[in-house]
Q: 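Would you mind keeping the following structure in view while I ask a few things?
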Amino acid sequence: MADGLNMNGLSLKDSQHAPQQNGGFERSAYIPPHMRGSGAPPPGPPAGFDGGAAGPPPAQGMNGSAWAPQGNGYPTGPQRGNNWNAGAQTFTPRTGQSNGWDNSPQLPRGFDRNAYGGSGGGSSGGRQGGGDGRWQDGKHIPGPPNPRIERELFGEPNDPLKQASGINFANYDDIPVEASGDGVPEPVTTFTNPPLDNHLIANIELAGYKVPTPVQKYSIPIVMSGRDLMACAQTGSGKTGGFLFPILSQAYQNGPVAAAPQQAGFSRQRKAYPTSLILAPTRELVSQIYDEARKFAYRSWVKPCVVYGGADIGSQLRSMERGCDLLVATPGRLVDLIERGRISLSSIKYLVLDEADRMLDMGFEPQIRRIVEGEDMPRTDNRQTLMFSATFPRDIQMLARDFLREYVFLSVGRVGSTSENITQKIEYVEDADKRSVLLDILHTHGAGLTLIFVETKRMADTLSDFLINQGFPATSIHGDRTQRERERALDMFRTGRCPILVATAVAARGLDVSNVTHVVNYDLPTDIDDYVHRIGRTGRAGNTGISTAFFNRGNRGVVRDLIDLLKEANQEVPGFLETIAREGAGFGGGSGRGGRSGGRGRGSSAMKDVRSFGGGQRPAYAGGMGMGGAGGGYGGGYGAPQSGGYGMGGGGMGGGSYGNPSGPGANSWW
DNA sequence: ATTCCAG
């Protein structure tokens, strides 16, 4: 259809919006993954070009603006200093209302005043949790303590439900960490000042966190020194804090940043200019991240906001009007709000992709590319980009490099990224027998929560109906249920009122529910990484968990990856798996998706920096496990570090290594 | 197959 391009957000819309120059080229020149690197022009602007914001280019020079990483003792990230402090002059903290956050003159006063802080007396915005403080005369003035909010955010002092979220690994130090890239800063070992801001530390204490998790130890100095980050960390290892802590700490120390100059008279409407944007693939995950953000923004000048679909947009808009510094969003709703002119990304300094490999997978990549490259977000030179996931297939890493600049690659935990805390069992069960085997499991299983994964929404309904008819306290969550139903199901599960939850992939990633003692893969996913994420719903925060998967010949497409994974995690490998693997999973490959993973390329790549292999190696390289120790640095082919955001260097992307036959255009979801 | 605006 004629709208095809537009649906992906890749066309030139809004021609009044920006000087086209290179930006125009970039917008219309979307190159699908499978075409990239094969002689087609690079999708981005030349190095150093600031094609992002509309209006005049930002001021040069950094002149010690408060936002620059100065107070924390870390060096500025390579080359980013230049444009980083866009509008450094306007930033100079002004007293009074607007504090320089949003200097777009066309904004109505009311919005401007509320843009941050200043709600001082009237804590009508108390609902937001964070953001009762303000930034004044170059200083952070936290709002007064609020016992009610405090209880809401952090729970009763001895509420086990809330306390459980405080991660309590007994032996953090046993977890191996590899960091690669140029000049990786030393990890921190404690939540102390320096480098962390005292107000943040106070909130961390309220939340009951004692010691940084491994991923936090590394991510804090990496982010605070201005570097980009690709972090591969085992599930339940504190990734959310890994990005929230350094981002908020910087914000508390340095205050608001001036917005990039806005196109005059563009909009009479109220428009939010967040400086941090966190994207995640499901509404529930976004909501969970937002709840965390509220904790650590408590009493601060930073106002967190959340937007996602299926919920009343009016209340989300009103909430944004009370200020929106750190925005947590699902891609669809964010695009919607951008189109309505209610959000501008021109002030973004931090972009976070949580569950980054999913966000860059076929289903999401066009939307992400549109948000990051097709709107007014600053380019890689003028923002920091952080990506987190438990799995990071190499082809997705290659894609991710489009959005990163001289990033540090961080790998925390075991290869394959499944936790040793999870005991994985695989049982051979024919489809027809699944129900009765499941009943056996549920009968023998004691206390604790059981999460059952199926492949389709329909199956989620029928199976939960079946279980309820059998007298089990079950419910379900999937994308065809209303948001209200979804949230209720999750809440019933979380609180144990409904300890059996049947779920589709919507619950596979990131959700942090304590006390999930058993994950059942009633249907195995076709992608082993999905399996990794699913079982990661148990065994969190240092607890142990059990995972049971029903396997039959319909799953032979993942048999090879599954065996590798089990071995890597020191789990028992049942004989039938080996047998079926020998039967030749190779040809039919089960219901294999023709897409990424190029065969069995995953196994060794999930926790490895692709740069270590030399740029653009094909997945056929897989199997080689032998990446050396930590700090391996760039292998050949990473090319000149200064070559801008698209530093493919020499190696190039070896034609066709993405093997994406259909391209990303096929999605017709909206 | 699944996720992601509203309708």
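The analysis underlying the following values was restricted to heavy atoms, covering all of them including side chains, and did not include hydrogens, waters or symmetry mates. Chain A is the first sequence line, chain B the second, and so forth, proteins listed ahead of strands; every chain is numbered from 1.
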Q: Within the pair A/Arg283 and B/dC4, is there a side-chain N or O less than 4.0 Å away from OP1 or OP2?
A: yes

Q: Just N and O in the side chain of A/Thr504: are any of them under 4.0 Å from OP1 or OP2 of B/dT3?
A: yes

Q: Expressed as a whole number of angstroms, how long is the span from A/Ile371:CD1 to B/dC5:P?
A: 10 Å

Q: Tell me the interatomic distance from A/Met362, atom CE, to B/dA1, atom C1', rounded to whole angstroms.
A: 11 Å

Q: Round to the nearest Å and state the distance from A/Phe364 atom CZ to B/dA1 atom P.
A: 17 Å

Q: What is the distance from CZ of A/Arg369 to P of B/dC4, rounded to the nearest Å?
A: 21 Å

Q: Is it true that A/Arg486 and A/Glu284 make a salt bridge, defined as a side-chain N closer than 4.0 Å to a carboxylate O?
A: yes

Q: In chain order, what residues pass the side chain to side chain contact (heavy atoms under 4.5 Å, CB included) check against A/Glu487, with sequence neighbours excluded?
A: A/Tyr308, A/Gln483

Q: Among residues at least two apart in sequence or on other chains, which ones pass side chain to side chain contact (heavy atoms under 4.5 Å, CB included) with A/Pro525?
A: A/Glu455, A/Asn521, A/Asp530, A/Tyr531, A/Arg534

Q: Are the aromatic ring centres of A/Phe388 and A/Phe243 under 6.0 angstrom apart?
A: yes

Q: For the pair made of CZ in A/Arg509 and C1' in B/dA1, what is the distance, rounded to whole Å?
A: 15 Å

Q: Have a look at A/Arg534 and say if it touches a base, only the backbone sugar-phosphate, or nothing, with a 4.0 Å heavy-atom cut-off.
A: nothing

